[in-house]
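We use all heavy atoms of the structure for the numbers below, so side chains are in, but hydrogens, waters and symmetry mates are not. Labels below follow one simple rule: chain letters A, B, ... track the order of the sequence lines, proteins then strands, and each chain is numbered from 1.
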Number of protein chains: 2
Amino acid sequence: MARKTGSHSEITGPRVREAALTLFARHGFAAVSMRQIAREVGVQAGALYLYTKDKQSLLFDLMRTHMDELLAAWAIEPKGDTALDALEAFSRFHIRFHLERPDAVFIAYMELRNLTDENFAAIEALRRQYEGELEAILRAGQEAGELDLSDIRLSSMAIIAMLTGVNTWYREGGRLSREAVADRYWDMVKGAVGA
Amino acid sequence: MARKTGSHSEITGPRVREAALTLFARHGFAAVSMRQIAREVGVQAGALYLYTKDKQSLLFDLMRTHMDELLAAWAIEPKGDTALDALEAFSRFHIRFHLERPDAVFIAYMELRNLTDENFAAIEALRRQYEGELEAILRAGQEAGELDLSDIRLSSMAIIAMLTGVNTWYREGGRLSREAVADRYWDMVKGAVGA
DNA sequence: CTTGGATATGAACGATTGTTCAGTTACCAA
DNA sequence: TTGGTAACTGAACAATCGTTCATATCCAAG
């Protein structure tokens, strides 16, 4: 027995990454075995190695894809004219983007310690790049006199932590819609930066 | 060979928890073996079971102890007269307390999924209790007209996420002292609640 | 000096881990 | 119709996992 009818590489490959994403998010990278992922896909464990070099690469690919998509999505996001407009765009974008892929976000923040040193450095660089986007906005706002900040780097970290925190409590179909949440968080961000 | 000279339960017990705390924080619960913990303590793996029922209990004990200490410390913290005073006290306390025990904080936030359902419920209840402390302050401030909030629960989650976020980037001996960080975060919290 | 309980060892248990690989099957192009 | 190759199986590998337990040693009390 081998090779079930109608199976194709273009189908199985993405399914492996989907299953890994879900399982890693739910149970943690170290707690999930290659056999569990294979079972979820409906395949034997050995077949996974047609689609990934090893377990570590599977994790790294998920995280790098996520960060790449994050940066790419922000790059094409309309940012308005003023720094304050850009800050609002960033706040709403961050919440929306992160709420759309909670599993990937969870993994990207929780499984950093399970990366090899080299892979960690790569992901960390991408994260720094994203933080840099916000810092640039804050700096522009500061120079334009639109914002009142005592420390740009610190404000950047505070804002990102606050916005990402939505993912820890937001549940679909809850009391507030995503838009309502974004409205209120933007209010708080605005207040925090003295605008 | 067994029982080295001068070994005592009162020494080994805490050392087991210390080692588990450090290793769980660094590598994650699932990635740390009982033998690694034992090696760190300078003992064989079997000896750990004189101090913990099993690996799960070891994790749960660390988390419950942390949450108990958090609630106990906040209970005796001076809170001032007004709701705004209490909010400042909470902000400064939260940062100080969490920066003092980064490993325990890390574990308490990252290893929830490795708890059994029962243990998870217990920790979750303690966390809710802590969040309730902040919500009570915000509610009092709202009613006294000191604060301008559109949603108390949401503001509470945003503030906690923002404050806890300090742990992800703060490094001892860095650019800012703990006090300086707390000063700036209090400014941002104040702004976020419209005060 | 004897004894008993506390503290620890070290070997062993079955289960599971990530990964490899020879063999088997299904599909597609010729 | 045939042959080649992409896709997959199923077994196997050594290593490691959490946990138990018979055994050994140490220390304090009688």
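C/dT7 atom P lies 14 Å from atom CG of B/L48, rounded to whole Å. Atom CZ in B/R39 sits roughly 18 Å away from atom P in C/dA8 (whole-Å rounding). A/L50 has its CG atom 11 Å from the C1' atom of D/dT9, to the nearest Å. A/Q44 has its CD atom 14 Å from the C1' atom of C/dT25, to the nearest Å. Whole-Å rounding puts the A/I11 CD1 to C/dA26 P distance at 17 Å. The separation between B/L58 atom CG and D/dG18 atom C1' is 12 Å, rounded to whole Å.
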Between protein and nucleic acid, restricted to nucleotides 16-19 of chain C and to nitrogen or oxygen atoms under 3.5 Å apart, what atom pairs and distances do you find?
from, atom 1, to, atom 2, distance (Å)
C/dT17, OP1, A/S33, OG, 3.4
C/dG18, OP1, A/V32, O, 3.3
C/dG18, OP1, A/K55, NZ, 3.0
C/dG18, OP2, A/M34, N, 2.9
C/dG18, N7, A/R35, NH1, 2.9
C/dG18, O6, A/R35, NH2, 3.0
C/dT19, OP2, A/Y49, OH, 2.7
C/dT19, OP2, A/K55, N, 3.0
C/dT19, O5', A/Y49, OH, 3.3
C/dT19, O4, A/R35, NH2, 3.2

Tabulate below the donor-acceptor pairs under 3.5 Å that side-chain atoms of residues 187-195 of chain A make, not counting sequence neighbours, or state none.
none

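Residues passing the side-chain contact (heavy atoms from CB on, under 4.5 Å) test with A/R175 are B/D151, B/R153, sequence neighbours excluded.
Sorted by first and then second residue, the side-chain hydrogen bond (donor to acceptor under 3.5 Å, both in side chains) pairs with a member in residues 13-26 of chain B form an empty list; sequence neighbours excluded. The stretch residues 73-83 of chain A participates, sequence neighbours left out, in these side-chain hydrogen bond (donor to acceptor under 3.5 Å, both in side chains) pairs: A/W74-A/E133, A/E77-A/R96, A/T82-A/D85. Applying the salt bridge (charged side-chain N to carboxylate O under 4.0 Å, His left out) test to every pair with at least one member in residues 113-122 of chain B, sequence neighbours left out, gives these pairs: A/E111-B/R113.
Defined by atom type and a distance below 3.5 Å, a donor-acceptor pair is missing between the side-chain atoms of B/D68 and B/T65.
Listed pair A/T12 / D/dC8 meets the phosphate criterion, a side-chain N or O lying under 4.0 Å from OP1 or OP2. For A/Y51 and D/dA7, the shortest distance from a side-chain N or O to OP1 or OP2 is not below 4.0 Å.
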